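Have a look at the structure below before the remarks.
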Amino acid sequence: YAHAVDIYEQYLARYPDGEASDRVRQRLAGLQTASKGPRDEIRMTTDNVNEITSYGTLSQRYRRNTAETDDAGDITNLSQFYTFIDLTTLQSTARFDHHYQVTADHIYDFIDSDDDSEFRFIETYYELSHRKTGTSGRFGRQQIRIGGLLKRFDGVSAVYQYTPEMRLNFLAGFPVDIDNKSSINDHKTFYGFTFETGTFVEYWDMKLFYFDQEVDGLTDRNSIGTEVRYFDKRTSVFGMIDYDVFYKEVNVLQLNANTLLDIGTTVYLNSFIRKSPLLATSNALIGQQESTIEELKEVLNIEQIYQLARDRTANSKTVTFGGSQPLSERFQATADITLSQVDATVTSGGVLATESTGTNYFFSTQLVGDNLLLKRDTGVLGLRYYSTAPSDTISLIANTRFPITRNWRINPRLQYDIRNFSDGRSQKRLRALLRTDYRYLNKARFDFEVGYDATQTDEANTGQSLANNNLFFMLGYRWDF
């Protein structure tokens, strides 16, 4: 679970409006809704302590991909060394807790080290908490979840604990955009409030939020909303609405539900309606030569800028329905279907319109078995079908994971894709992948991955075939200290 959440949040941080961002948000929301129980009460203590504890994680990995095509020969299109460091120091005294946090990563690109190598502060902050009341303050680069979306910012946040069940959060500062790796974004400022309750009426908890953001002196976003969560032994429900007061539009509307039936069947529903990208005045810069709203104000009036922001923002809808059913002690079947659509945008400001994607369909089913050949092994047979405007794709997947020893596991995977494009082209791809990891003394893990893609594309008009093969591997480790 934790690894999956980490992968999904990393993807959304790097590609917030990517082609698969809505489906990734659905998966992430489903995991969080299904696994998270009622909010715990804040523990209050006055014990006389004075101790310092430090711990952290260091991980590094190298990735390489070499492509071979009929017309271009061998090309190394990826050669990167990735480093991630997470350091935490906690100091407890009789009255206060001190929290020092540094989380950062670095990518070194061997192909173009000048342009593509980057260092990024993910989180770097100091937090002071009063042990008796639970009230706290934090300063630095930090992250908070507002309106169901994970936001990072440079600034301050403070928590006032009314009771063990209720607290008020205040935050203000400078939002961190994708290009703010290690600098402060002085074009945007914001402040906001959140009010959180602990569990009430036995199964419910709630959060109210208000968020006001400016960009170069203009309103960027001004949203108000609520999150409500229900959780009991069988059912969990999460609902959220984010309404922009300035633009008078719903930015995000979300509902996730998961329930366990008497026959052992688990069913879930995830629905997600949002603006894509989220409606904000800074969207007016999409497709423009100007890089800041301040520059855009020199050629357009304020109302024109606000209208451009609306024009560049589309409506997006995604719904997923799925479930799982135990077939026996060793086997389980799962299936889900997702429907998604992104509406069209209009031509304006020299930027061409984008067409609606139409309704895209994604169907997936799996047969999962445990303890098939070895104790604690897992085998998966999967079938996927994707139907989108550009193409239809069928994927057959065989995936297994089994232990060699107590600390050493291997994970072979085979996938075969058949893709038919709307322009008549067809494509077949075979991917073979082998992953393995070894854990040492519960402190270190070593990972290795090697794979091979063989792709053949057949042209409809000429009858020619183009082969494209990729050899890729990853080598890395993670050390917890």
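Values in this document were obtained by computation on a predicted structure and should not be read as measured data. These values consider heavy atoms only, across backbone and side chains, with no hydrogens, waters or symmetry-generated copies.
- Between the side chains of Ser157 and Gln142, at least one donor N or O lies within less than 3.5 Å of an accepting N or O.
- A donor-acceptor contact under 3.5 angstrom links the side chains of Ser391 and Arg419, judged on distance only.
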request  = Please step through ring pair (Phe, Tyr, Trp, His ring centres under 6.0 Å) for the pair Phe481 and Trp479, ending with a clear verdict.
outcome  = CA-CA 6 Å; Phe481 55 88; Trp479 174 41; 4.8 Å; yes
ask   = Under the side chain to side chain contact (heavy atoms under 4.5 Å, CB included) criterion, do Ser271 and Gln254 qualify, and how do the steps go?
value = CA-CA 6 Å; Ser271 58; Gln254 181 177 349; over 6 Å; no
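- Looking at residues two or more places apart in sequence or on another chain, you find a ring-ring contact (aromatic ring centres under 6.0 Å, His included) between Phe246 and Tyr306.
- Note that CD of Gln101 is 8.5 Å distant from CG of Leu90, once rounded to the nearest 0.5 Å.
- A donor-acceptor pair shorter than 3.5 Å can be found between the side chains of Thr320 and Thr338.
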query = side chain to side chain contact (heavy atoms under 4.5 Å, CB included) between Leu168 and Tyr162: does it pass, once the steps are laid out?
reply = CA-CA 8 Å; Leu168 177 67; Tyr162 285 102; 3.8 Å; yes
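- Annotation: side chain of Ile273 is not in contact with side chain of Val250 (no heavy-atom distance under 4.5 Å).
- In this structure, Tyr82 and Arg63 have side chains that are not in contact, with every pair of non-hydrogen atoms separated by 4.5 Å or more.
- The CD atom of Gln80 lies 5.0 Å from the CG atom of Leu78; values are rounded to the nearest 0.5 Å.
- Leu300 places a side-chain heavy atom less than 4.5 Å from the side chain of Leu308.
- When atom types are taken as modelled, the side chain of Glu290 and the backbone of Thr292 share no donor-acceptor pair closer than 3.5 angstrom.
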message = As a quick check of understanding, evaluate ring pair (Phe, Tyr, Trp, His ring centres under 6.0 Å) for Phe231 and Tyr203, giving each step before the final call.
response = CA-CA 5 Å; Phe231 189 94; Tyr203 303 114; 9.0 Å; no
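- Looking at Asp392 and Ser387, their side chains do bring a donor and an acceptor atom within 3.5 Å of each other.
- Using a 4.5 Å heavy-atom threshold, the side chains of Arg312 and Val351 count as touching.
- For the pair Ile293/Leu285, a side-chain contact is recorded, criterion being any heavy-atom separation below 4.5 Å from C-beta on.
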query = Run the salt bridge (charged side-chain N to carboxylate O under 4.0 Å, His left out) check on Arg435 and Asp437 step by step: do they pass?
reply = CA-CA 7 Å; Arg435 295 191 182 105; Asp437 62 80; over 6 Å; no
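- For Thr194 and Asn169, the side-chain atoms include at least one donor-acceptor pair closer than 3.5 Å.
- Under the ring-ring contact (aromatic ring centres under 6.0 Å, His included) criterion, Phe363 pairs with no residue, sequence neighbours left out.
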message = For a salt bridge (charged side-chain N to carboxylate O under 4.0 Å, His left out) check, start with the C-alpha distance between Arg384 and Asp417, then their side-chain angles and the critical distance, and finish with the verdict.
response = CA-CA 9 Å; Arg384 296 176 183 171; Asp417 301 332; over 6 Å; no
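- Closest heavy-atom contact between Ile305 and Ala284: O-CB, 3.5 Å.
- In this structure, Leu218 CG and Lys188 NZ are separated by 12.0 Å, a value rounded to the nearest 0.5 Å.
- Looking only at side-chain heavy atoms (C-beta outward), Pro277 and Asn283 come within less than 4.5 Å of each other.
- Between the side chain of Thr347 and the main chain of Ala353, a donor-acceptor pair closer than 3.5 Å is present.
- The environment of CD in Glu68 is crowded: more than 12 heavy-atom neighbours from other residues, nucleotides or ligands sit within 6.0 Å.
- Considering only heavy atoms from C-beta on, Val252 comes within 4.5 Å of Met240 through its side chain.
- The environment of Tyr126 atom OH is dense: over 12 non-hydrogen atoms of other residues, nucleotides or ligands sit within 6.0 angstrom.
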request  = Would you check, one step at a time, whether the test side chain to side chain contact (heavy atoms under 4.5 Å, CB included) holds for Asp480 with Arg478?
outcome  = CA-CA 7 Å; Asp480 297 320; Arg478 171 181 173 139; 3.2 Å; yes
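- A donor-acceptor contact closer than 3.5 angstrom is absent between the side chains of Thr133 and Tyr160.
- A cation-pi geometry, defined here as NZ or CZ lying under 6.0 Å from the six-membered ring centre and within 45° of its normal, holds between Arg138 and Tyr125.
- In this model, no donor atom of one side chain and acceptor atom of the other lie less than 3.5 Å apart for Ser136 and Glu127.
- A side-chain N or O of Asp177 and one of Asn185 form a donor-acceptor pair less than 3.5 Å apart.
- The CE atom of Met166 sits 8.0 Å away from the CE atom of Met206 when rounded to the nearest 0.5 Å.
- For the 3.5 Å distance criterion, the side chains of Asp343 and Gln341 qualify, holding a donor opposite an acceptor.
- Using a 3.5 Å distance cut-off with no hydrogens or angles, the side chains of Asp205 and Thr199 do not pair a donor with an acceptor.
- Within 6.0 Å of the CZ atom in Arg429, the count of heavy atoms belonging to other residues, nucleotides or ligands exceeds 12.
- Side chains of Asn256 and Asn270: a donor on one and an acceptor on the other come within 3.5 Å.
- For the pairing with Phe190, the ring-ring contact (aromatic ring centres under 6.0 Å, His included) check across Phe153, Phe174, Tyr210 returns one residue only, Phe153.
- With Thr83 as the fixed residue, the side-chain hydrogen bond (donor to acceptor under 3.5 Å, both in side chains) test singles out one of Arg61, His106, Gln60: Gln60.
- Between Ser395 and Gln415, some side-chain heavy-atom pair lies under the 4.5 Å cut-off.
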task = Show your working on side chain to side chain contact (heavy atoms under 4.5 Å, CB included) between Arg221 and Phe211 and close with a plain yes or no.
result = CA-CA 7 Å; Arg221 287 190 60 204; Phe211 181 78; 4.0 Å; yes
